[in-house]
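Reading through the structure tokens given below for one structure.
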Amino acid sequence: MVSERLTPMPVSMPAQLPGAVITRFAPSPTGFLHIGGARTALFNWLYARGRGGKFLLRIEDTDRARSTPEATAAILSGLTWLGLDWDGEAISQFERAPRHAEVANQMLAKGAAYKCFASQDQIEAFREAARAEGRSTLYHSPWRDADPASHPDAPFVIRLKAPQTGETVIDDAVQGRVIFRNDQLDDMVCLRSDGTPTYMLAVVVDDHDMGVTHIIRGDDHLNNAARQSQIYHSMGWPVPQFAHIPLIHGEDGKKLSKRHGALGVEDYQRMGYPAAAIRNYLARLGWSHGDDEFFNDAQATEWFDLGEIGRAPSRLDLKKLDHLTALHFSVMDDAAVLHELQAYLAATGADPLSAPQSEAILRAMPQLKDKARNFGQILERGHFVLTSRPILPDEKAAKALDSVSRSILNELTPQLQNVSWNRERLEAIVGEIAAGHGLGLGKIAPALRAALAGRTVSPSVFDMMLVLGRDETLARLAEAGAGG
RNA sequence: GGCCCGUUCGUCUAUCGGUUAGGACACCAGGUUUUCAACCUGGUAAGAGGGGUUCGACUCCCCUACGGGCUGCCA
């Protein structure tokens with residue numbers, strides 16, 4: 001078996017099974033994993049996983065000034081948290097620079113590209129003048145058809161010898177047939193004068209070498225697709241299927257930026273959303289399968305397809321995410337919720353749950369996770385099992401423990417001594433006591449809640465009694481009845 | 001400036017020439033209720049504007065408006 005981990009990626013086109021789907025996510029490591037990038041990754045993942053294909057990861061770190069290892073780590077951990085597993089090792093685009101240069105030289109050799117000796121200053125001057133006169137700023141290099149014998153001994157870039165007439169057509173799976181006139185596209189630089197590749201070249205070479213069959217990415221790259229398509233053609237390579245998906249906008253409809261608040265997936269983790277809910281929400285944002293709103297990964301991978309992706313940008317709506325989160329908690333098993341709760345604690349810098357605390361939370365989990373909208377709520381509701389006597393009621397809860405309430409608690413406590421410890425009996429006894437005072441349950445539940453949880457927010461008082469058990473319940477009631 | 005993309009309830013969307021334009025979230029009203037919630041019933045709410053094409057347009061075409069993207073030896 002060939003060790004794929006240690007050998008560099010083959011530079012020639014890998015032999016792919018016919019019809020095999022290979023997608024990729026190719027972020028620049030300049031920060032955290034953006035929520036929009038996360039959705040792009042999710043779409044690629046869903047598409048590949050739904051077709052038995054591969055989902056690859058490539059880090060576009062060719063911009064040395066802006067790329068950092070920390071950012072790469074953040075992106076990997078963001079994807080991992082989201083549950084988007086990629087196949088093989090993440091590939092560094094920067095490390096493939098020699099291969100990019102090799103292709104540029106092949107283009108040169110076959111006459112598909114040429115050396116351009118124009119300096120950046122010259123080109124900038126041209127553009128400025130063109131702008132000032134309102135002319136097109138497309139640069140037409142005088143070196144395109146120059147006799148190599150006339151080449152000076154000076155730095156040069158390698159430019160693609162792009163067609164000057166006709167059209168470049170992109171058959172996009174989302175945007176449809178998009179036509180660019182070739183006279184609107186200039187000869188792009190493929191290899192810089194320092195010998196490093198431009199983004200345009202690097203992307204094409206990498207996608208080709210990685211065997212990528214479907215490029216699903218943000219529609220800010222739609223224009224680039226035309227130019228990249230020209231590179232594919234110049235090398236005689238098959239052009240992958242493009243699918244340019246609309247970007248996500250903020251709640252005001254503007255491009256997502258810092259002022260919109262949460263941008264990184266890690267922010268969403270810290271807000272207490274479980275990954276499954278984020279996946280569901282993000283998948284439904286810009287894509288739909290009829291009226292289906294709530295679904296799991298299996299359904300999503302089965303249903304997902306490029307044709308159902310919308311063409312308009314969509315806005316983030318946290319209320320809807322909240323709603324989906326509650327639905328997901330309801331179908332997640334308790335152990336899984338607990339496990340992710342621990343990760344949430346770690347992400348927010350809180351202390352992890354001890355073994356006994358975990359066990360207590362797990363026992364109460366059915367009540368804690370019911371309709372919860374985030375892990376913070378689960379924790380808040382779970383306070384009654386995490387705390388221990390003496391229960392110190394918070395300010396609001398203390399108000400429920402006035403002298404009248406305390407006397408009722410004192411009346412109730414002995415009656416709970418020997419009853420069967422089940423919900424029906426507990427409800428009956430508490431109901432009788434309340435009725436004896438001409439009160440409804442609504443009048444004495446707050447005191448019970450304060451006594452048992454020390455809070456005004458908790459699961460139902462009966463559920464708490466059941467989870468706490470007789471001894472602990474009686475101890476807390478007695479303590480509160482005594483006046484704390 | 002040039003080129004490209006987009007525009008259905010507040011939001012996410014269904015519709016793929018013929019529908020009282022549907023669903024979900026949110027919101028409002030009423031009900032229920034031991035807290036936060038949840039739940040039940042009902043309700044408000046949409047095809048940017050203007051021209052075409054067609055027996056018939058949300059659906060096809062054009063123009064305008066608005067929004068977005070690209071226009072680098074950034075990615």
Side-chain angles (χ1 to χ4, degrees), chain A residues 26-30 60-63 65-67 93 116 118-120 123-124 127 130-131 133-139 155-159 170 172 174-176 178-181 184-186 188-194 196-200 202-203 218-227 244 246-247 249 251 253-255 281 284-294 310-324 326 370-373 377 380-381 396-397 400 427 430 434 440-450 453 455-463:
Chain A
S28 300
T30 56
E60 307 221 316
D61 51 358
T62 56
D63 186 337
R66 291 195 292 163
S67 301
Q93 184 163 68
C116 171
S119 73
Q120 292 187 61
I123 296 169
E124 188 42 44
R127 289 213 175 94
R131 249 189 298 273
E133 292 169 38
R135 286 186 289 109
S136 164
T137 56
L138 289 181
Y139 180 69
F156 61 88
V157 298
I158 294 181
R159 285 183 187 272
I170 301 297
D172 194 277
V174 174
Q175 306 292 336
V178 184
I179 298 169
F180 298 85
R181 280 173 45 176
Q184 299 292 339
L185 270 17
D186 57 10
M188 79 194 97
V189 173
C190 291
L191 203 69
R192 300 189 187 100
S193 52
D194 65 359
T196 62
T198 58
Y199 161 78
M200 222 56 93
V203 166
D219 70 5
D220 49 335
H221 288 291
L222 182 54
N223 290 281
N224 293 338
R227 321 182 81 102
H244 288 93
L247 268 15
H249 285 181
E251 285 173 324
K254 300 286 186 188
K255 191 182 165 188
Y281 176 72
R284 193 60 177 63
L285 199 59
W287 168 79
S288 64
H289 182 263
D291 285 335
D292 293 310
E293 301 273 354
F294 171 50
R311 286 183 294 273
S314 39
R315 309 179 188 198
L316 247 17
D317 180 4
L318 264 24
K319 288 279 181 52
K320 194 144 191 169
L321 213 201
D322 285 344
H323 178 254
L324 276 176
D370 183 51
K371 307 303 188 300
R373 295 190 306 260
Q377 281 190 342
E380 182 185 29
R381 292 176 187 174
K396 277 190 263 176
E427 283 186 12
V430 173
L441 190 53
K443 293 297 178 190
I444 66 173
L448 277 168
R449 188 181 313 286
R455 299 282 180 91
T456 52
V457 173
S458 79
S460 136
V461 294
F462 301 109
D463 285 327

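Chain letters run A, B, ... following the sequence lines, proteins first, then strands; residues in each count from 1.
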Checking the side chain of [X] only, and the main-chain atoms of [Y] only, is there a donor and an acceptor separated by less than 3.5 Å?
X: A/S28; Y: A/T30; result: no
X: A/D61; Y: A/S67; result: no
X: A/R192; Y: A/P197; result: yes
X: A/T198; Y: A/C190; result: yes
X: A/Y281; Y: A/L318; result: no
X: A/R131; Y: A/S136; result: no

With heavy atoms under 4.0 Å as the rule, sort [X] into base, sugar-phosphate or nothing.
X: A/S193; result: base
X: A/D186; result: nothing
X: A/H244; result: nothing
X: A/G310; result: nothing
X: A/R66; result: base
X: A/A225; result: nothing

message = Once side chain to side chain contact (heavy atoms under 4.5 Å, CB included) is applied, do any residues pair with A/L441, and if so which ones, sequence neighbours excluded?
response = A/V430, A/I444, A/F462
query = What residues, two or more places apart in sequence or in another chain, satisfy ring-ring contact (aromatic ring centres under 6.0 Å, His included) together with A/F180?
reply = none
In whole Å, what separates the [atom1] atom of [N] from that of [M]?
N: B/C74; M: B/G69; atom1: C1'; value: 15 Å
N: B/U59; M: B/U54; atom1: P; value: 16 Å
N: B/G42; M: B/G22; atom1: P; value: 15 Å
N: B/C27; M: B/C9; atom1: C1'; value: 12 Å
N: B/G51; M: B/C58; atom1: P; value: 14 Å
N: B/A46; M: B/G10; atom1: P; value: 7 Å
N: B/G47; M: B/U13; atom1: C1'; value: 13 Å
N: B/U20; M: B/C16; atom1: P; value: 14 Å

Nearest whole Å is fine: how far is [N] [atom2] from [X] [atom1]?
X: A/H289; N: B/C12; atom1: NE2; atom2: C1'; answer: 17 Å
X: A/L138; N: B/G1; atom1: CG; atom2: P; answer: 16 Å
X: A/F294; N: B/C25; atom1: CZ; atom2: C1'; answer: 14 Å
X: A/R227; N: B/G72; atom1: CZ; atom2: C1'; answer: 10 Å

Below 3.5 Å is the cut-off: list the nitrogen or oxygen pairs between protein and nucleotides 62-66 of chain B, distance only.
none

request  = Could you tell me which residues satisfy side-chain hydrogen bond (donor to acceptor under 3.5 Å, both in side chains) with A/D194, sequence neighbours excluded, listed by chain and number?
outcome  = A/T196
Nucleic acid footprint by protein, nucleotides 3-9 of chain B - heavy-atom cut-off 4.0 Å, B for base, S for sugar-phosphate alone = SSSSS--
note = Its contact letters, B for base, S for sugar-phosphate only and - for none at protein heavy atoms under 4.0 Å, make nucleotides 26-41 of chain B read S-------BBBSS---
key: Electrostatic pair A/E380-A/R455, nearest N-O below 4.0 angstrom   = no
key: Sub-4.5 Å side-chain heavy-atom contact between A/H244 and A/V174   = no
task = Decide yes or no for A/K320 and A/E293: does some side-chain heavy atom of the first lie under 4.5 Å from some side-chain heavy atom of the second?
result = yes
query = Do any side-chain nitrogens or oxygens of A/T137 fall under 4.0 Å of OP1 or OP2 in B/G2?
reply = no
query = Within the structure, does a side-chain N or O atom of A/T62 lie under 4.0 Å from either OP1 or OP2 of B/A75?
reply = yes
task = Can you figure out which of B/C73, B/A75, B/U11 approaches the side chain of A/R315 most closely?
result = B/U11
Pairwise distance OH(A/Y139) to CG(A/D186) - rounded to 0.5 angstrom = 10.5 Å
task = Name the residue closer to the 5' end of RNA chain B, choosing between A/S28 and A/G290 according to the nucleotide with the nearest heavy atom.
result = A/G290
key: Residue met sooner reading RNA chain B from 5', once A/E293 and A/Q120 are mapped to nucleotides   = A/E293
